[in-house]
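Here is the structure we will look at, set down as C-alpha cells.
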Amino acid sequence: MASEMFDAVMGLVAQSTEMLDRDDVPATELRAGMESMVGVLGLLDGTTVEPVDADGVPAEWVRPAVVAAPGACMLYLHGGGYVIGSCNTHRALASHLAARTGMPLLVADYRLAPEHPYPAALDDALTAYTWLVARGFEPGRIVVAGDSAGGGLTIALLLALRDRGLPLPALAVPLSPWTDLTLSGETMTSMADRDPMVQRAGLQRMSDWYVGSADPRDPLVSPLFADPAGLPPLLVHVGEIEVLRDDAVEFAVRAAAAGVDVTLEVWPEMIHVWHAFGPAVPESEAAVTRVAEFVTGRLGSPAPA
C-alpha cells in the first residue's frame, strides 16, 4: 500500500501536469510549468553544484557531501519528452542519486525539440560522454542513467556507442524509459486512467516535435526496435501503473533475449518516475536506494552510510 506522502504527491502531480496534454500550449510555456512544479524540491545537505561546458554542451556537476566511489561518475540524462526539462528541473533528483551512490553526477542540458529535433539530443549525449572519457574517466567507471525520455536517450546512447565501436560504460540505469515513440504499447491505453504524470496526447505531441522528419521506428529514436545485443548491464525501473510500462518491460524482455544482463523491476502502485519525489517520500527513497545498491554493487564500491 502506498504511503500517505506518496498519495499527497500524487494529488499535486495531477494538478500540475494537465497542460502537457493540451495542444494549444507552446513548448516554452510547458518548460516554464515544469520549472515551477519542481522548483520546491531542495538539495540534500552537503551537495555542491558546478556548471561546466562539456565540449559545447551545457552541463553541471552535482557532487555529494561524501564521495565513496573514487574515480567513478554518472552521466545523467534528464526526462521531459525531449521538449522540457533541464539541469534545474532534475537537480534535486541528481542530488538524491549522488548522495546514495557516493559519486558525482554530470547532468547534461542537451538541446530540446521542437527547436532542435532528433538527432540533437543524441548528439549532445554522445558529446557529454566522450567529454567525460577525455577528462580521464575510465568507461568502466562510468554509469549512464536517465528518466523517461532521458531513459530512452540513455539506451540510444549505448546503441550509438556500440555501433561506432566506442567504449561502452560499465552499466546503465533507465528509469521509466520512453523506448517507443510510435506509442504502440498496450499500457498506453490500459493505464491511461491511473498514471497522472503522462498521457497519450502529450506524448504524441512531444514525439512529433522530437522525431521531426525522421522515422519514429529508427532504433536511435525508439530503442524498442533496436537490436540490443552487446549492451552493458542494465537496471530498468518502471512503475506498475505507468502508461509507459510496456516501453520498459518490452525493451527489457528483448534485451534479455539478446543476451544482455538485464535486471527489470516493476514497482507495485508506482507512477512515472516516482524516483523524483525526494527522500521524504518513502517510495522514492526506496527506489533511489535500490539504484545505488545496483550501481555500487556492480562497480565494487561501497554505498555511503
Side-chain angles (χ1 to χ4, degrees), residues 1-21 34 37-38 40-41 44 78-81 85 89-90 92-97 99-101 145-152 154-155 172-180 183-203 224 234-253 255-256 262-295:
M1 183 175 179
S3 68
E4 290 184 6
M5 282 293 294
F6 180 79
D7 288 340
V9 170
M10 282 274 281
L12 294 173
V13 166
Q15 296 173 27
S16 303
T17 57
E18 179 185 3
M19 71 168 60
L20 294 176
D21 298 316
M34 187 175 187
M37 180 175 70
V38 300
V40 298
L41 297 175
L44 270 66
H78 68 76
T89 63
H90 283 67
L93 175 56
S95 170
H96 197 181
L97 285 164
R100 297 297 174 261
T101 61
D147 65 280
S148 193
T154 292
I155 302 168
V173 184
L175 307 176
S176 299
W178 189 15
T179 67
D180 177 12
L183 311 183
S184 66
E186 187 274 334
T187 51
M188 192 67 59
T189 300
S190 64
M191 293 298 159
D193 294 333
R194 302 198 63 189
D195 187 346
M197 189 72 78
V198 291
Q199 294 293 322
R200 177 186 288 274
L203 289 171
L224 180 64
L234 303 171
L235 172 64
V236 180
H237 270 189
V238 70
E240 178 189 20
I241 62 172
E242 291 197 42
V243 298
L244 293 179
R245 190 181 75 195
D246 279 356
D247 282 56
V249 172
E250 290 302 318
F251 175 79
V253 168
V262 182
T263 301
L264 169 66
E265 296 182 358
V266 181
W267 285 57
E269 301 183 69
M270 293 297 101
I271 66 170
H272 190 57
V273 197
W274 73 99
H275 310 69
F277 299 154
V281 177
E283 292 86 352
S284 177
E285 171 68 10
V288 171
T289 298
R290 172 64 186 126
V291 170
E293 291 171 349
F294 179 85
V295 167

Residues in side-chain hydrogen bond (donor to acceptor under 3.5 Å, both in side chains) with [X], at least two apart?
X	value
Asp195	none
Ser95	Thr47
Thr189	none

Roughly how far apart are [X] [atom1] and [Y] [atom2], rounded to 0.5 Å?
X	Y	atom1	atom2	answer
Glu250	Asp180	CD	CG	9.5 Å
Met197	Trp274	CE	CH2	11.0 Å
Leu224	Trp178	CG	CH2	13.0 Å

Point to revise | Residue pairs passing the salt bridge (Lys or Arg N to Asp or Glu O under 4.0 Å) test where at least one lies in residues 237-248, sequence neighbours excluded | key: none
Practice item. Please tell me if the side chains of Met188 and Leu244 come closer than 4.5 Å, counting only heavy atoms from C-beta onward. Key: yes
**Study point:** Non-hydrogen side-chain atoms of Val243 and Arg200 separated by less than 4.5 Å
**Key:** no
Review point. Under the ring pair (Phe, Tyr, Trp, His ring centres under 6.0 Å) test, which residues partner His272, sequence neighbours left out?
Key: none
Practice item. Please work out which of the three classes, parallel, tilted or perpendicular, describes the rings of His78 and His90, given edges at 30° and 60°. Key: tilted
Compare every heavy atom of [Y] with every heavy atom of [X], then report the nearest pair and how far apart it is.
X	Y	result
Leu93	His275	CD1-O, 3.6 Å
Ala252	Val262	CB-CG1, 3.8 Å
Ala99	Leu44	CB-CD2, 3.5 Å
Ser148	Gly79	CB-CA, 4.2 Å
Pro177	Ile155	CB-CD1, 4.4 Å
Ser176	Gly239	OG-N, 4.5 Å

Who pairs with [X] by side-chain contact (heavy atoms from CB on, under 4.5 Å), at least two apart in sequence or on another chain?
X	answer
Ile241	Met191, Arg194, Ile271
Ser3	Met5, Phe6, Pro282, Glu283
Thr263	Leu235, Glu265, Arg290, Phe294, Arg298

Check your understanding: Can you name the salt bridge (charged side-chain N to carboxylate O under 4.0 Å, His left out) partners of Glu269, sequence neighbours left out?
Key -> none
